[in-house]
2 protein chains.
Amino acid sequence: MIQTDQAQPVFRALADPTRRAIVAMLADGERPVGDIASEFQMTRPAVAKHLAILREGGLISVEIQGRERINRLIPDRLKAAADWINHFDRFWDERLAKLKQIVEKE
Amino acid sequence: MIQTDQAQPVFRALADPTRRAIVAMLADGERPVGDIASEFQMTRPAVAKHLAILREGGLISVEIQGRERINRLIPDRLKAAADWINHFDRFWDERLAKLKQIVEKE
DNA sequence: TTTATATGAAACCTTTTGGTGTTATGTCAA
DNA sequence: TTGACATAACACCAAAAGGTTTCATATAAA
C-alpha cells in the first residue's frame, strides 16, 4: 500500500490551512514564534500549537536563541508527500497511454 | 500566499490514512462502495463517509450502475497538492544554489 | 535588581471527525 | 411479486482538533 504510513505525519501537518501558510511563510526565511503569530488573527499559543504539529511532521526545526525560538523550514519532508502523489501521476500517465493505444488500434 | 485555498479540500481529503488507502486502491481500478468497504475492518457506512469526503475533494467520481455506485479515481486534483509542494522544491533548490555560490566564493 | 519580553504549559471549551447501529429505498433475481 | 442486496440517510457517540485564557519561567534590558 505504498509508503502511506511514512507520509502520515506530513499529510496531517499539511491538512490545516494555517499550517500551510506557516510553511509558505518560513520559505521566505526563519522566524521566531511570536513573529509568526503576529501575522495571524489567532492567539500566540494557537500558533505555537500549529508549530508543534509541523515539528512532529518533521517539516520545521527549532533553534533556541536566548529567549527566542527560531523556526526554520526543512522542506525535505515535503518530498515524502510529493512522492506519494507522484505515484499516481505515473499511474495516470500509464492509463492515458493504454487508452491511446486502444483508440489508435480502432 | 500561493494557491493554498485551491488545495484545501485535497489536503483535507488526503489527511486521513483510510482515505489515502482508498485512493491507492482505486488507482488499480474502479470499485463499488461495498467492495471497497470489504477491504477495511470498519463498517460500510464509515467507508461511505470517507468516499463522500474524497468526492468533495474532487479526487473521485461516482457512476451509478443499477444498485451499485462505482467509484473511480480522478488523479487530476492531486496535482493541486503536488503543485503546492513543488513550489517549495524550487525554493529549496534556490537556497542550495545560493549556499553553493557562497561556499565557492570563499 | 527590577521590569519587560518571548515563550511553554496547563486547563478548559466548542466544533469537527471518524466511527457505530438502524432504518428506508431502489434494484436485481428467483 | 417476493426476497435478497447495495446503498443512502439518520441519529448518535467518543475522541481529536483548534481555539482561548491563565499562569509559570527564562532571558534581555533598564
Between P of D/dC5 and CG of B/Asp35, the distance in whole Å: 15 Å
In dot-bracket form, how is DNA chain D paired, counting a Watson-Crick or G-U wobble pair only if both its distances are under 3.5 Å and using | for bases paired to another strand? ||||||||||||||||||||||||||||||
Linking I/L/V/M/F/W/Y whenever any side-chain heavy atoms sit under 4.5 Å apart, do A/Val10 and B/Phe88 land together? yes
Exercise: identify the closest heavy-atom pair between B/Ala13 and B/Leu54: CB-CD2, 4.0 Å
Can you tell me the distance, in whole Å, between the CD atom of B/Glu56 and the P atom of C/dT17? 9 Å
Once base and sugar-phosphate atoms are separated, protein heavy atoms under 4.0 Å mark nucleotides 16-30 of chain D, 5' to 3', with B, S and - as -SSBBB-----BSS-
Test item: A/Arg20 side-chain N/O and A/Leu14 main-chain N/O as donor-acceptor pair under 3.5 Å: yes
Distance, rounded to the nearest Å, where A/Ile64 contributes CD1 and C/dT7 contributes C1': 10 Å
Atom-pair distance (CD1 on A/Ile36; P on C/dA6), nearest Å: 14 Å
With sequence neighbours excluded, what pairs up with A/Asp35 under the salt bridge (Lys or Arg N to Asp or Glu O under 4.0 Å) test? A/Arg31
In whole Å, what is the span from the CD1 atom of B/Ile70 to the C1' atom of D/dT7? 12 Å
Please answer whether the main-chain N or O of B/Gly57 pairs with a side-chain N or O of B/Arg77 as donor and acceptor at a distance below 3.5 Å. yes
On a heavy-atom basis, which atom in A/Arg19 and which in A/Arg12 lie closest, and how many Å separate them? NH2-O, 3.1 Å
Heavy atoms of A/Leu26 and A/Ile60 approach each other most closely as CD1-CG2, 3.6 Å
Determine whether A/Glu56 and A/Pro9 make a side-chain contact, defined as any pair of heavy atoms from C-beta on separated by less than 4.5 Å. no
Rounded to the nearest angstrom, tell me the gap between atom CG in A/Leu51 and atom P in C/dA6. 16 Å
